[in-house]
Q: 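Got a structure here, written out as structure tokens. Questions coming.
The first residue of the sequence shown is numbered 1, and numbering continues consecutively from there. Both ligands and their constituent atoms are indexed starting at 1 by order of listing.
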Amino acid sequence: MSEVTVHPVSAEWADKALIGAEAYAEKYRRSLAEPDAFWAEEAKRLDWIKPFTRVKDTSFNVDDFRIRWFEDGTLNLAANCLDRHLADHGERVAILWEADDPATPGRRITYRELYAQTCRLANALKAQGVKRGDRVTIYLPMVPEAAVAMLACARIGAVHSIVFAGFSPEALGGRIDDCASDVVITADEGRRGGKTIPLKANVDAALEHHAPNVKSVIVLRHTGADVPMVAGRDIDWADAVAGQPGDCPPEEMNAEDPLFILYTSGSTGKPKGVLHTTGGYGVWVSMTHEYTFDYRPGQIYWCAADIGWVTGHSYVVYGPLANGATTLMFEGVPNFPDHSRFWQVVDKYGVEIFYAAPTALRALMREGDDWVTRTDRSTLRLLGSVGEPINPEAWEWYYNVVGGGRCPIVDTWWQTETGGHMITPLPGATALKPGSASTPMFGVQPALVDGEGQLIEGAAEGALVITDSWPGQMRTVYGDDERFFQTYFSTFPGYYFTGDGCRRDEDGYYWITGRIDDVINVSGHRMGTAEIESALVLHDLVAEAAVVGMPHDIKGQGIYAYVTTIAGTEDSDDLRRELIQWVRKEIGPIATPDVVQFAPALPKTRSGKIMRRILRKIAENDTGNLGDTSTLADPGVVDDLLANRPES
Ligand code: WTA
């Protein structure tokens, strides 16, 4: 193993941070030893309508499985993000918005304005017949109205399901169907990197074949493009909110009432609707946003994630707004109009805390330091990383070039399922090791297990599990409690299984090594290999497909697809290109295969199971080391795959 550089906590950070090393150790100890007292205290960060009397009631065991936090308390999370800030700092900027095109004026929305806009839309949703518990699908670009839509749902107790605006009509339709939304909120078009995305047209296409129960589509005029409106179904956002009062009483929600559904990919089957509830999630994202980023009111904070992913939910909207922060929303991409864009935005708004995915950093690093060093960035004080492992080289570049060697980096490991940060350095407490997410958040008990499901102690490598519940944990797969239990709690009974492999070093630091299930992480986006395979086999000429991850310098992982066409098909380059387009259309551009290899047959065991281990090795070009192939039904298949591996 190569030498690890350790960056100790600077004297300045140790001195001024909310949580120093001793405070971390003591709070962490207490969070495990006295969870009820610890969480009752932390829960005070939210305003409760009716205080809870029970804190934690959880078990991961099959016989008495349950996950309940603060279960008899009531609150409203939108009111926690808005109303309670009005008295003291209603004029503070809640959302700073920077458009895709730097020439388009930005927007500054105060807490008071955000409150009024949210209430108007909440009233409009009620007027459309949306009731507490109903599902609302949101398919919007990165505009402040996306936060308004989320908060409006939360205000009236409706459950939002955001679908990333890069997903195809097919993917959108499937998600609308799965949770039976009867309202969709979208925009005429989105803009990203100078391109337009036909959002309303995508909704129309999705609704042609799906979701017969969608009663209304609320359409935000964003680019002003002329889009067809279906009479009786579609309504302009402006018309919907016109005349609606700027106040709307918040619905009193139970702590365990659903807040949102967010679809994410798993090893098998269709994407799962991850369900988060109100109280525990609210406490978790508020607490982690404050401690991980050492957030103090008034600081300008920018999380560059899209609201279509969990990072956008927890760290663009709910966490920061619950804490009264000023959160920056950026519509664009890091390399438009040029590779300085991120740092120009930092300078324009005086950003102090910046949080992004390694894939963006690697892409920018490749373009050279000039794009960074010609900007000022002197306001930056803390940097964050999320979504995938960050390689030490990118870490050092982020630290030295972007942060000028002044800013600690918090490498936050977590998942859609965990609601918020689980393993992360705290800037005033944790010496940093580039590439390690380091140590657990309060209340989080990570552990490593071996192939037999036995806990392993000390410095070791294994599958990462979490041994007890934490407030921000997902509560179920929407509509499928059984799938929830099977997916996360049956592999290693009694533990939550993360799907990640992990190494723990002699200092107790955790190093995430990546997914060990059939999920791949492409540019920080989770893709299920099964989903891409299903899309491929929908094509008339495809008989069978197997998809695996391959190493990719920028994206972390790329998508490698093995395709067996039906007999008599000519496996041409044209067909290869067609299949790549096909997957883009079926799922969306993020699922674009990097390599398609035609395979006359796939390596299978005698019982017909595809041997993915071998396919992974070939995709990784690790062909000297294919391991045991003796159980293959036809070992000749492998020789053919090796002989015809396309150059990538
Ligand atoms: C990976 C994103 C290493 C991991 C918040 C996890 C990471 C999956 C890190 C969840 C990190 C996320 N270091 N790997 N700091 N953060 N991952 O649900 O494999 O989109 O299981 O949540 O991303 O992806 P998801």
Side-chain angles (χ1 to χ4, degrees), residues 162-164 166-167 260-267 271-276 281 284-285 288-289 292 303-316 318-319 355-362 383-392 394-395 398 409-425 430 432-441 444 446 463-466 472-474 477 487-488 491 496-504 509-529 531 549 555-557 590-591:
I162 303 189
V163 178
F164 174 56
F167 276 123
F260 67 82
I261 300 165
L262 179 58
Y263 287 87
T264 193
S265 299
S267 288
K272 299 181 285 273
V274 168
L275 184 102
H276 280 288
Y281 175 83
W284 191 248
V285 295
T288 51
H289 174 262
T292 305
C303 166
D306 192 283
I307 44 118
W309 312 113
V310 73
T311 311
H313 285 64
S314 300
Y315 298 109
V316 176
Y318 286 115
Y355 188 36
T359 187
L361 303 170
R362 285 191 296 264
L383 302 171
S385 174
V386 58
E388 48 176 328
I390 180 165
N391 46 313
W395 195 102
Y398 198 23
I409 297 178
V410 288
D411 173 0
T412 60
W413 175 83
W414 59 294
Q415 312 179 293
T416 305
E417 293 88 338
T418 71
H421 303 156
M422 297 291 281
I423 302 181
T424 177
T430 320
L432 305 172
K433 298 188 189 185
S436 172
S438 74
T439 46
M441 179 51 72
V444 174
L464 179 65
V465 299
I466 312 290
Q473 181 168 27
M474 75 183 277
V477 170
T487 307
Y488 301 104
T491 318
Y496 166 80
F497 176 44
T498 63
D500 279 319
C502 184
R503 181 169 67 81
R504 185 172 48 216
Y509 275 48
Y510 290 84
W511 300 72
I512 308 296
T513 54
R515 302 288 306 199
I516 49 177
D517 55 7
D518 289 319
V519 170
I520 51 185
N521 192 324
V522 183
S523 301
H525 300 150
R526 255 166 89 162
M527 298 296 320
T529 49
E531 269 170 83
K555 302 194 230 178
Q557 280 189 298
I590 56 170

Q: Give me the ring orientation class for Tyr281 and Tyr318: parallel if the planes are under 30° apart, tilted from 30 to 60°, perpendicular past 60°.
A: perpendicular
Q: Which residue is it: Arg526, Lys272, Glu531? I am looking for the one with a side chain to side chain donor-acceptor pair (under 3.5 Å) to Ser265.
A: Glu531
Q: Got a donor-acceptor contact below 3.5 angstrom from the Ser314 side chain to the Gly419 backbone?
A: yes
Q: Compare all side-chain heavy atoms of Ile590 with those of Ser523 and state whether any distance is below 4.5 angstrom.
A: no
Q: Please list, chain by chain and in numerical order, all residues satisfying side-chain hydrogen bond (donor to acceptor under 3.5 Å, both in side chains) with Trp414, sequence neighbours excluded.
A: Tyr355
Q: Do Tyr496 and Gln473 meet the criterion of a side-chain donor-acceptor pair at a distance under 3.5 Å?
A: no
Q: Could you name the protein residues that come within less than 4.0 Å of ligand 1, counting only heavy atoms, and order them by chain and residue number?
A: Val310, Thr311, Val386, Gly387, Glu388, Pro389, Asp411, Thr412, Trp413, Trp414, Gln415, Thr416, Asp500, Ile512, Arg515, Asn521, Arg526
